[in-house]
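Here is the structure we will look at.
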Amino acid sequence: MARVETSSSRPYHLVIFGASGFTGQFVVEEVARTASEGPKGNLKWAVAGRSKQKLEKVLEQAAGVLSKPELRSEVDIIVADVEEPDSLAAMCKQAVVVLNCVGPYRFYGEPMVKACVENGAHHIDISGEPQFLESMQLNYNNQAADKGVYIIGSCGFDSIPADMGVLYTRDQFKGTLTAVESFLTIGSGEDGGCIHDGTWQSAIYGFSDSQKLQSLRRKFNHKPLPTVGSKLRRRGTLFFSNEIQQYTVPFMGSDPSVVKRTQRFLVDEYQAKPVQYGAYAGIGGISNIIKLMFAGMMFWFLVKFSFGRNLLIKHPEFFSFGLFSKAGPTRKQMEASSFQFAFYGEGYTEGQDPSQGKPNAKIRTLVQGPECGYVATPIAMVQAALTILNEPTALPKTGGVYTPGAAFARTTLTDRLNKHGIQFSVV
């Protein structure tokens, strides 16, 4: 069971590391909003990062946005830097859970994971970088298990809606669910929307290093997951989806790899039947296809060379047709944006043998929520942390490095998310 009690030497339930970063500032606001949901209605928390001045400014901003002037004086500040391991160790000794908002994680994530494991703090990140997530599992799982520490990755928009959405679909299905496809659509208001370029940088380095990910995966020596029922057919690179009535491409994020890791854990730990998963994203009409093809060709060419990567990093707005920017979205853009995952599942009704014949039942579920990067992500991250604090007996029985689905399959996380605007429903 996870240790979640504060003490005189470990005074904070939560410490937000990287609180003055672009995403971190919104995580600060979300923690302040939900402090009454902490253990016994009282959440003790602090903010951490390199610059005391910037952290003070973030608390000042949150106090103004939320009309909570007490944040200026009641939230403690910890100065810590990924370049200074002793400062990370000192911070982790004071925290029950660290919310790590400092990316790209491939460059800055491991020192924080190491410090948490060695100093007894649970760790939650919002990484969408499979290479980081899987290398942490390979390198720290056993040590985390020995220490009773829970390291839970991808607890933002990557990949809680997809991972918990597949589990929700399985739990709502009357029988044996064998396959699910998800279709992501993003909505924006008249001012449009964009994503901060930190995510763009993670994508650039991830694609340029894809060979290393393959060699990393071989080190696990995993056997292929068994296929239950009919094999899920993979769709094309670009197709018109009848499900969402628009042109669609395979989803390039971390969701498929995270969902697969969760399914593997559930097979190994609980002898569950694995669910096959395919992930797709809607891109709209013909004009968007042309933009995507042009941007994709430039990206794939430039990402192979260091000068090309530097160009991509320097000019995110130009090379992404405005989808990514150094400034990130405005609050007005965020308020008008939303996401929807539609899950289409198939399987076998109760009493039917999945090894005999084709699936004979279908299910459709939705996960819907607000703007994905800086509204839904803080909600998901903070609710994941509150789930650890309030439901330690529902987590896996030993510590380790986990996906959200593996860590939270037996908790009330989906109910918590429903109450905070990330809605799970059967259609």
Side-chain angles (χ1 to χ4, degrees), residues 1-21 24 27-28 31 38-39 43-52 55 75-127 132-155 381-382 384-393 395-404 406-408:
M1 187 180 95
R3 291 188 301 272
V4 296
E5 299 79 23
T6 54
S7 64
S8 56
S9 61
R10 199 180 289 274
Y12 306 114
H13 291 111
L14 300 180
V15 172
I16 305 164
F17 181 57
S20 59
V27 175
V28 168
V31 169
L43 189 74
K44 298 166 188 164
W45 61 290
V47 294
R50 288 181 299 178
S51 165
K52 187 169 187 282
L55 293 166
V75 179
D76 290 341
I77 289 172
I78 300 169
V79 175
D81 187 339
V82 287
E83 306 285 343
E84 297 171 13
D86 289 349
S87 72
L88 296 185
M91 179 186 77
C92 292
K93 284 187 171 90
Q94 299 178 71
V96 176
V97 182
V98 172
L99 300 184
N100 184 5
C101 303
V102 179
Y105 291 91
R106 66 171 49 243
F107 299 130
Y108 307 117
E110 184 169 358
M112 190 72 257
V113 170
K114 185 173 189 287
C116 282
V117 171
E118 290 176 352
N119 296 284
H122 310 302
H123 175 278
I124 285 178
D125 67 52
I126 45 176
S127 172
F132 166 76
L133 296 163
E134 293 174 43
S135 65
M136 292 305 97
Q137 183 181 353
L138 186 70
N139 296 330
Y140 292 96
N141 185 62
N142 292 342
Q143 201 180 340
D146 292 343
K147 294 269 192 173
V149 168
Y150 291 74
I151 306 294
I152 309 173
S154 49
C155 285
M381 187 185 212
V382 173
L386 290 169
T387 303
I388 292 175
L389 293 170
N390 288 307
E391 302 179 48
T393 58
L395 299 174
K397 55 184 182 287
T398 62
V401 179
Y402 292 108
T403 59
F408 300 121

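Using a 4.5 Å heavy-atom cutoff, the side chains of Val4 and Pro39 are not in contact. For the pair Ile126 and Ser154, the minimum side-chain heavy-atom distance is 4.5 Å or more. Side-chain contact between Thr6 and Pro11 is absent, with no heavy atoms from C-beta onward closer than 4.5 Å. At a threshold of 4.5 Å between non-hydrogen side-chain atoms, the residues Val75 and Trp45 count as touching. For the pair Val28/Val47, a side-chain contact is recorded, criterion being any heavy-atom separation below 4.5 Å from C-beta on. The shortest distance between side-chain heavy atoms of Gln143 and Glu118 falls below 4.5 Å. Annotation: side chain of Val15 is not in contact with side chain of Leu99 (no heavy-atom distance under 4.5 Å).
Here CG of Leu43 is found 6.5 Å from CG of Leu389. Values are rounded to the nearest 0.5 Å. A distance of 13.0 Å separates CZ in Arg3 from CD1 in Ile388, rounded to the nearest 0.5 Å. Between Asn141 atom CG and Glu134 atom CD the span is 12.5 Å, to the nearest 0.5 Å. Going from atom CG of Asp125 over to atom CE of Met381 covers 6.5 Å, rounded to the nearest 0.5 Å. In this structure, CZ on Phe408 lies 9.5 Å from OG1 on Thr403, to the nearest 0.5 angstrom. For the atom pair NE2 of His13 and CG of Leu386, the computed distance is 10.0 Å after rounding to the nearest 0.5 Å.
Under the side-chain hydrogen bond (donor to acceptor under 3.5 Å, both in side chains) criterion, Asp76 pairs with Tyr12, sequence neighbours left out. Among residues two or more places apart in sequence or in another chain, the side-chain hydrogen bond (donor to acceptor under 3.5 Å, both in side chains) test is passed with Ser20 by none. When the salt bridge (charged side-chain N to carboxylate O under 4.0 Å, His left out) test is applied to Lys93, no partner is found at least two apart in sequence or on another chain. The side-chain contact (heavy atoms from CB on, under 4.5 Å) check on Val102 picks up Phe17, Asn100, Tyr108, with sequence neighbours excluded. Scored by the ring pair (Phe, Tyr, Trp, His ring centres under 6.0 Å) test, Tyr105 finds Phe132 as partners (sequence neighbours excluded). Every side-chain contact (heavy atoms from CB on, under 4.5 Å) that Glu391 has, sequence neighbours left out, goes to Thr387, Ala394, Thr411, Thr412, Arg416.
In this structure, Cys155 and Ile124 approach most closely via the heavy-atom pair CB-CG2, 3.7 Å. Nearest approach of Ala19 to Ile16, heavy atoms of both residues: CB-O, 3.7 Å. Pairing each heavy atom of Pro392 with each of Ala2, the nearest pair is CB-O, 3.5 Å. The two atoms that bring Val401 and Met136 nearest to each other are CG2-O, 3.6 Å, heavy atoms only. The two residues Val96 and Glu5 come nearest to each other via the heavy atoms CG2-O, 3.7 Å. Considering all non-hydrogen atoms of both residues, Met91 and Ala48 come closest at SD-CB, 3.4 Å.
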Take Ile152 and His122 through the test side chain to side chain contact (heavy atoms under 4.5 Å, CB included) and record every step on the way to the result.
CA-CA 8 Å; Ile152 309 173; His122 310 302; over 6 Å; no
Walk me through it: do Val98 and Met112 pass the test side chain to side chain contact (heavy atoms under 4.5 Å, CB included)?
CA-CA 9 Å; Val98 172; Met112 190 72 257; 4.2 Å; yes
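Although no hydrogens or angles enter the test, the distance criterion places a donor-acceptor pair under 3.5 Å between the side chain of Arg10 and the main chain of Cys92. A donor-acceptor pair under 3.5 Å is absent between the side-chain atoms of Tyr140 and the main chain of Ala145, judged by distance alone. Looking at Gln137, its side chain never comes within 3.5 Å of a backbone N or O of Leu133 through a donor-acceptor pair.
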